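This report concerns only the one structure given below.
Being a predicted model, the structure only gives us computed values, none of them experimental.
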Amino acid sequence: MKYYLAHYMNFILNHLSFIVFIISFLESTLFIGLFIPGLVCMSTLGTFIGHEKINFYHAWFLSFIGCYLGDLISYFIGKIGQKKIKNMNFIQKKKKIIKKIYKYLFQYSFFTIFFGKFIGPIRPLIPVISGIFNISTKNFFIPNFFACICWPIIYFLPGILTALTSNSMQRIPNSNFFLFFITFFLCTFFLFIYILFNWIIFFKTQKKFHIFKFNISIKNGFLLLLIIILIMVFQIFFLLSQPQTILCYKLFKHLILKKNFF
């Protein structure tokens with residue numbers, strides 16, 4: 001068992017470039033991307049970048065190529081097989097989501113295609129839907145090109161930061177409190193995003209403002225948001241003053257400023 005595990009790990013380490021390309025391609029390919037946990041896979045690859053097992057720019061370039069190629073194939077499949085794809089059971093079950101995507105594609109095509117690349121459930125659907133509803137190649141290619149440039153960096157980043165944090169903690173003793181504080185900061189950040197999202201939904205729909213199924217007044221919601229922002233500001237200042245953060249920055253700078261591309 002140990003032999004096979006070691007053999008498997010060696011295979012992964014020796015073919016990281018190929019794996020980066022394949023995962024990025026499958027993530028962006030018609031329907032397949034719906035069943036692949038993109039953030040988990042890309043963050044895992046990000047840890048290899050953080051530990052310098054693969055060059056950052058090399059991984060970025062290969063991920064961009066895989067991502068863009070997968071999107072283009074999905075787009076042309078949608079364009080060529082419009083009627084067949086529309087009648088598929090899977091598409092019929094996703095009618096509500098597709099109607100929303102269709103609406104936003106024609107109202108805000110650039111922003112929908114660009115930002116849709118970073119939203120898990122709709123990411124693999126946007127290219128094929130753009131093809132089905134005859135979004136022009138120009139209107140699809142341009143925002144998708146820029147989205148495919150940015151997407152790998154954002155999805156690699158959690159893994160890169162995890163690896164850099166791990167490296168900094170190994171070099172500086174007594175780092176448990178630092179790790180706890182990072183976890184606390186991330187929880188606070190996601191809570192802030194959740195409340196902000198509900199706040200935006202409230203102003204768009206004028207429905208009741210609620211957090212975790214609890215209805216609260218707008219005044220209390222605003223105060224809660226303000227308190228969370230103040231807590232986050234304190235957390236950021238605290239983290240910036242820590243030696244682990246400074247070391248993480250130096251390691252990240254070293255990673256990014258490496259001159260070798262391949």
Side-chain angles (χ1 to χ4, degrees), residues 12 15-46 48-49 54 56-159:
I12 290 174
H15 298 84
L16 274 175
S17 298
F18 178 70
I19 290 169
V20 167
F21 172 79
I22 289 296
I23 288 177
S24 301
F25 175 75
L26 293 177
E27 268 289 301
S28 306
T29 306
L30 175 65
F31 304 137
I32 299 173
L34 290 168
F35 305 101
I36 298 175
L39 187 58
V40 175
C41 292
M42 296 297 281
S43 293
T44 303
L45 292 171
F48 287 109
I49 297 170
I54 183 172
F56 170 76
Y57 296 103
H58 192 183
W60 183 12
F61 176 74
L62 289 170
S63 187
F64 162 73
I65 296 296
C67 169
Y68 200 57
L69 187 62
D71 282 345
L72 292 187
I73 290 171
S74 298
Y75 173 80
F76 284 113
I77 286 174
K79 213 168 181 62
I80 294 166
Q82 292 175 355
K83 291 181 180 179
K84 288 183 179 179
I85 295 172
K86 278 182 183 179
N87 294 326
M88 287 175 66
N89 290 331
F90 179 83
I91 294 293
Q92 294 298 317
K93 289 177 182 178
K94 300 284 182 181
K95 266 189 175 181
K96 287 184 179 179
I97 295 173
I98 289 167
K99 280 182 180 179
K100 285 183 180 180
I101 295 172
Y102 170 79
K103 179 184 173 182
Y104 286 111
L105 271 173
F106 280 90
Q107 287 182 344
Y108 319 101
S109 62
F110 186 95
F111 294 104
T112 303
I113 292 166
F114 182 85
F115 288 108
K117 189 69 187 170
F118 306 97
I119 303 171
I122 68 170
R123 183 179 61 253
L125 292 175
I126 285 180
V128 69
I129 292 171
S130 298
I132 289 170
F133 294 111
N134 290 314
I135 298 294
S136 70
T137 51
K138 180 184 175 182
N139 287 343
F140 176 76
F141 286 176
I142 294 172
N144 191 63
F145 177 82
F146 290 108
C148 287
I149 289 174
C150 300
W151 177 72
I153 301 173
I154 292 171
Y155 271 54
F156 282 145
L157 199 57

May I ask you to test the Tyr155-Ser24 pair for a side-chain heavy-atom distance under 4.5 Å?
-> no
Closest heavy-atom pair and its distance - Ala59, Ile49 = CB-CD1, 3.7 Å
Supply the atom-to-atom distance Cys150 SG to Phe118 CZ, rounded to the nearest 0.5 angstrom.
-> 5.0 Å
Please assess Leu72 against Phe140 for the test side chain to side chain contact (heavy atoms under 4.5 Å, CB included), listing each intermediate value before the final yes or no.
-> CA-CA 9 Å; Leu72 292 187; Phe140 176 76; 4.3 Å; yes
Quick one: sort the Phe25 and Phe21 rings into parallel, tilted or perpendicular, breaks at 30° and 60°.
-> parallel
In this structure, CG of Asn139 is separated from CG of Asn134 (nearest 0.5 Å) by 12.0 Å
Could you state the interatomic distance from CD1 (Ile19) to OG (Ser63), rounded to the nearest 0.5 Å?
-> 13.0 Å
How many angstroms lie between atom CD1 of Ile23 and atom OG of Ser28, to the nearest 0.5 angstrom?
-> 11.5 Å
Heavy atoms only: give me the nearest Ser136-Tyr75 pair and the separation to one decimal.
-> C-OH, 3.5 Å
Beyond-backbone contact of Phe141 with Tyr68, side-chain heavy atoms, under 4.5 angstrom | yes
Closest heavy-atom pair, Asp71 versus Lys117, reported as atoms and distance to 0.1 Å, is OD2-NZ, 2.8 Å
State the CD1-CD1 distance between Ile132 and Ile80, to the nearest 0.5 angstrom.
-> 12.0 Å
So which heavy atom on Cys67 is nearest to which on Trp151, and how close?
-> SG-CE3, 3.8 Å
What's the spacing between Ile149 CD1 and Asn144 CG if we round to 0.5 Å?
-> 10.5 Å
For the pair Trp60 and Phe56, name the ring-plane relationship: parallel under 30°, tilted 30 to 60°, perpendicular over 60°.
-> tilted
Answer yes if the ring centres of Phe64 and Phe145 are under 6.0 angstrom apart, and no otherwise.
-> yes
